[in-house]
Amino acid sequence: MRKKNITVFISFFLLFIFAGVIVKHPSEVSESVKDTLFLCADSVIPSLFPFFIISNLLISLDIGSFCGNHLHKISKPLFGIPASLSPALALGLIGGYPIGAITCAETYSKGLCTKDDAERALAFCNNCGPAFILGAIGNGVFSSGKAGTALLIIHISAALFLGSFFRFFHPLPKTEAVFKQSLSRKTTGVATALTSAVAKALSSALSISAYVVLFSALVRMMTILGIFPVIGALTEKLFGCRREIVTAFISGFFEMTVGSFSISRCTSPSTAFVLISSLLGWGGLSVHAQALSFISDTDLSVKNYFYGKFMHGLLSGLLAYIYTRFSNISTVSVFFNYSDTYSDVFPRGVILIILCLFYFFCKKGWKKIR
């Protein structure tokens, strides 16, 4: 009871402080909200909306479940998760934040996996999707399909490595997977799935925009209070880091979209590439707030989740740094522009071919299942 009272008191105190900042500096806070809304309307929503429709179609047509039925052949020995959690890995990589966490929580709630399995899966199954990395970051921040593709490969590689790393902390499940229960569901018709996908895509894009605006406002208020400038000045004095970069990175710790755009404006493309890669792995408190809203409905511990995202951020940054040693990062090419060079278009072409083959084999597989 005492711990709860302390939490309530701290929450009330912080709300009182932030309310005071809004009252004293209404124009600055409102200007920050306007700028973030413009950012969402200009870059985030146009970049994410088409990809959200595609990912929601994959989910509505239950292709992720079919994919999971085949993924368990490698997910069990490599990651130590049962087949019932394979869709969490597949959909987490395809749909992005926070679909992986939602799938883990739903799988555990339905009794299709143990608590230990679900908590382990949370550490590496909730990832940033191709929609955000290729769209909002590759197109919006770097204006480069090559940079977006590289960030996506680094992000996925780090997540899969973490899955293998966590596999050694727990023994493999002794019972066989109960995943096939999910295959007994009737798939949704294409017309219904498309209507649902458009509605969910709009809802997801608006929800993400709302969190971006909220945490952007919080970051602005903490800047007004002098918290970020003080941290930036101390870091610059102690470690020689530019305070603008430190401030931008800290803002990304809270909200990675705003932080990513801020970082791109105050440092070189190669440095921005490394820092943004770390932020994509970490996700930001804004993303974690979305994930925890679903995890909190269960008795799952979030310790592994936060540890996994922290490690994901570090590993993604390390891999990005290695990549910049061998490749030049620039902001001259334009995503999906016909003036792209062959070397820029080729990686995206390969990904497109892989996705087409994925759809073809999934379609054949579903005919056999039916």
Could you go through Val258 and Phe215, starting from their C-alpha distance and side-chain angles, then the distance that decides it, and tell me whether this counts as side chain to side chain contact (heavy atoms under 4.5 Å, CB included)? CA-CA 9 Å; Val258 176; Phe215 278 84; over 6 Å; no
List in chain and number order the residues that pass side chain to side chain contact (heavy atoms under 4.5 Å, CB included) with [X], two or more places apart in sequence or in another chain; answer none if no residue qualifies.
X      : value
Ile102 : Pro98, Glu106, Phe294
Ala159 : Asn127, His312
Thr324 : Ser270, Phe273, Val274, Tyr321, Ile329
Ala41  : none

How far apart are the closest heavy atoms of [X] and [Y], and which atoms are they?
X      : Y      : answer
Val212 : Ser286 : N-OG, 4.2 Å
Ile154 : Ala320 : CD1-CA, 3.7 Å
Leu280 : Cys128 : CD2-SG, 4.0 Å
Ser251 : Val219 : CB-CG1, 3.6 Å
Ser293 : Ser296 : O-OG, 3.3 Å
Gly163 : Phe79  : C-CD2, 3.4 Å

Can you measure from [atom1] ([X]) to [atom2] ([Y]) and round to the nearest 0.5 angstrom?
X      : Y      : atom1 : atom2 : result
Ile81  : Thr107 : CD1   : OG1   : 9.5 Å
Ile276 : Phe142 : CD1   : CZ    : 4.0 Å
Thr271 : Ile263 : OG1   : CD1   : 10.0 Å
Leu279 : Ile137 : CG    : CD1   : 8.5 Å
Phe253 : Phe249 : CZ    : CZ    : 9.0 Å
Ile94  : Ile156 : CD1   : CD1   : 9.5 Å

For [X], side-chain hydrogen bond (donor to acceptor under 3.5 Å, both in side chains) partners two or more places apart:
X      : result
Ser278 : none
Tyr108 : Asp299
Thr223 : none
Tyr323 : Ser327

Starting from Leu37, walk the hydrophobic network (Ile, Leu, Val, Met, Phe, Trp, Tyr; side-chain heavy atoms closer than 4.5 Å) and list everyone else you reach, by chain and number.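 Its cluster mates, by chain and number, are Val33, Val213.
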So does Phe306 have more than 12 non-hydrogen atoms from other groups sitting under 6.0 Å from CZ?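 Counting neighbours around CZ of Phe306, more than 12 heavy atoms of other residues, nucleotides or ligands fall under 6.0 Å, so yes.
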Would you indicate whether Lys303, at its atom NZ, is surrounded by more than 12 heavy atoms from other residues, nucleotides or ligands within a distance under 6.0 Å? no
Determine whether [X] and [Y] make a side-chain contact, defined as any pair of heavy atoms from C-beta on separated by less than 4.5 Å.
X      : Y      : value
His288 : Tyr305 : yes
Trp282 : Met256 : no
Ile295 : Leu300 : yes
Val29  : Met221 : yes

Side chain to side chain contact (heavy atoms under 4.5 Å, CB included) between Gln290 and Tyr211: does it pass, once the steps are laid out? CA-CA 8 Å; Gln290 299 174 52; Tyr211 275 99; 3.4 Å; yes
Run the side chain to side chain contact (heavy atoms under 4.5 Å, CB included) check on Thr149 and Leu134 step by step: do they pass? CA-CA 6 Å; Thr149 303; Leu134 294 177; 4.1 Å; yes
Kindly say whether [Y] contributes a backbone atom to a donor-acceptor pair with the side chain of [X] at under 3.5 angstrom?
X      : Y      : result
Thr36  : Ser32  : yes
His25  : Ile224 : no
Ser277 : Ser316 : yes

Can you pull out every salt bridge (Lys or Arg N to Asp or Glu O under 4.0 Å) where at least one residue sits in [range]? Sequence neighbours excluded, please.
range            : result
residues 304-325 : none
residues 17-41   : Glu28-Arg220
residues 244-262 : Arg242-Glu244

Cluster link [X] to [Y], ILVMFWY, side chain under 4.5 Å:
X      : Y      : answer
Leu162 : Tyr307 : yes
Leu218 : Ile227 : yes
Leu234 : Val246 : no
Leu225 : Val230 : no

